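Some notes on the structure that comes next.
Worth saying up front: this structure is predicted, and the values here are computed from it rather than measured. Just so it is clear: chains get the letters A, B, ... in the order the sequence lines come, proteins before strands, and each one is counted from 1.
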Protein chains: 2
Amino acid sequence: MDKENRVSITVIRRLPKYYRYLGELLKKGINRISSQELSKMTGFTASQIRQDLNNFGGFGQQGYGYNVEELHHQLGKILGLDKTYNTVIVGAGNLGQAVANYKGFEDAGFKILSLFDKNPKLIGLKIRDIEIRDVDELEEFIKENDVEIGIITTPKENAQDIADIYVRSGIKGIWNFAPADLKVDDDIIIENVHLNESLFTLSYFLNNKSDYVRN
Amino acid sequence: MDKENRVSITVIRRLPKYYRYLGELLKKGINRISSQELSKMTGFTASQIRQDLNNFGGFGQQGYGYNVEELHHQLGKILGLDKTYNTVIVGAGNLGQAVANYKGFEDAGFKILSLFDKNPKLIGLKIRDIEIRDVDELEEFIKENDVEIGIITTPKENAQDIADIYVRSGIKGIWNFAPADLKVDDDIIIENVHLNESLFTLSYFLNNKSDYVRN
DNA sequence: TTTAAATGTATATAATTTTTTCAAATACTA
DNA sequence: TAGTATTTGAAAAAATTATATACATTTAAA
């Protein structure tokens with residue numbers, strides 16, 4: 001797939017939401033859904049939903065709609081959720097522990113093999129049977145355990161150093177919670193969770209509410 | 001400001017990043033910056049940066065560029081960071097504690113007055129001098145303490161109930177970490193941090209790397 | 001004093017994203 | 001079974017967003 005045909009990032013970012021709603025429908029035992037109903041649920045327009053899905057194939061049927069289980073399954077495959085990933089977390093503070101404790105990630109195939117920290121008080125402790133190791137052992141651990149995804153929950157001062165170790169160790173993707181833009185090789189995928197930026201955006205809209213509500 | 005003149009959301013979401021980089025420059029003691037240099041730092045084009053800033057006024061000077069301190073200050077004002085906000089967190093698990101422990105939010109003017117939970121084992125404990133209270137006291141606490149922002153770090157099953165309490169109590173904005181889309185009145189600002197969606201997006205790009213790298 | 005650098009602003013162009021439209025297929029009802 | 005309503009997929013149109021260009025004006029620096 002060349003640049004012309006690749007699916008735009010805005011579309012990709014909507015897929016997890018579709019996936020989530022379809023999962024909820026599945027749980028409720030609903031096995032058929034139309035783009036119009038999905039529109040009501042998700043807030044996206046029906047035509048946008050149809051177009052988004054058609055980037056990956058025709059999963060629906062005219063006059064019928066979509067089979068919930070099938071579409072959920074296909075979206076899971078598209079998002080790569082049919083595989084499992086070995087991950088590690090560097091930064092075993094509250095945020096690292098919060099991520100480690102969230103069982104939802106493991107259910108989706110993201111296995112957290114270990115936490116790492118440089119604080120001696122934390123090293124050796126366990127979070128849900130996941131051991132906290134010395135960050136000095138990070139590189140070796142990654143290489144020996146086929147770790148694909150590295151999670152960064154350190155203060156921003158250490159984030160780039162950890163990213164460097166990740167890249168050196170052969171990690172393929174970084175999930176970064178530190179408020180910094182990491183510099184890495186082009187072929188490393190970075191996904192940022194910038195809590196600061198999210199909170200500041202909320203603050204902006206609070207102060208400019210009238211411009212955006214009901215317009 | 002009507003719909004025609006309001007600033008687009010894509011612009012708004014870039015402001016916190018400008019603000020962050022300017023803060024870093026300020027710390028380094030750099031007091032002058034050009035759009036071209038900002039472009040190199042942020043990855044946005046110089047003309048886009050100039051256009052973004054000009055949505056709010058002409059903060060620069062021909063032949064000179066921008067005064068770092070002044071621009072940082074102005075962006076802070078635009079983002080509403082020149083005020084302080086009273087906030088509360090419902091959900092005192094790891095994630096709630098992580099947010100409560102992050103001093104950066106307080107430095108930016110977001111004061112966390114209290115955490116709330118329904119788990120008796122947590123109620124009464126303190127995180128950095130912030131008390132964990134029974135969620136039954138939430139509504140009264142909000143009304144008595146002029147709380148403007150409500151943070152939700154509960155499991156998704158409870159998120160909507162908490163949102164309802166928030167709205168009923170007069171909260172103006174919700175920062176939601178639960179993987180759910182909350183239904184609230186139109187004039188309530190919601191900012192979501194959907195970690196699941198972020199991780200799944202990372203997963204997608206890992207599996208379709210070749211389409212997006214160097215194209 | 002002259003030259004280089006830089007913004008602000010308008011305009012043009014390109015790229016991207018969303019909406020509209022409608023033929024074709026299916027489901028449903030009488 | 002026939003007729004009607006529903007629904008997708010796909011193409012085209014429209015709208016939005018991003019980028020580039022141009023240049024008068026201002027400042028800095030040589």
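- An OP1 or OP2 oxygen of D:dG9 is reached within less than 4.0 angstrom by no side-chain nitrogen or oxygen of A:R50.
- One finds a salt bridge joining A:R14 and A:D52 here, because a Lys/Arg side-chain nitrogen approaches an Asp/Glu carboxylate oxygen to under 4.0 Å.
- In this structure, the CZ atom of B:R6 is 12 Å from the C1' atom of D:dT16, given to the nearest Å.
- Comparing B:I33 and A:S47 by the nucleotide of DNA chain C that holds the closest heavy atom to each, the one mapping nearer the 5' end is B:I33.
- Looking at which nucleotide of DNA chain C each of A:Q61 and A:Q48 is closest to, the 5′-most match is held by A:Q48.
- Here the C1' atom of nucleotide C:dA12 and the CD atom of B:Q51 are 12 Å apart, to the nearest Å.
- Ring to ring, A:F105 and A:W175 are close: their centroids are under 6.0 angstrom apart.
- For B:Q62, counting side-chain heavy atoms from C-beta on, the closest listed nucleotide (C:dA6, D:dT17, C:dT17) is C:dA6.
- As a whole-Å value, the separation of A:I49 CD1 from C:dT17 C1' is 15 Å.
- If you check every strand for non-hydrogen atoms under 4.0 Å, A:T10 touches sugar and phosphate atoms only.
- For the pair B:R14 and D:dA18, the criterion of a side-chain N or O lying under 4.0 Å from OP1 or OP2 is met.
- The side chain of A:Y64 contributes no N or O atom lying less than 4.0 Å from OP1 or OP2 of D:dG9.
- Two rings, from A:F59 and A:Y66, have their centers 6.0 Å or more apart.
- Checked for salt-bridge contact, A:K83 and A:E148 miss the test: no charged N lies under 4.0 Å from a carboxylate O.
- In this structure, A:F59 reaches the sugar-phosphate backbone alone: every heavy-atom distance under 4.0 Å involves primed, P, OP1 or OP2 atoms, never a base.
- At the heavy-atom level, B:T45 lies under 4.0 Å from the strands shown only through sugar-phosphate atoms.
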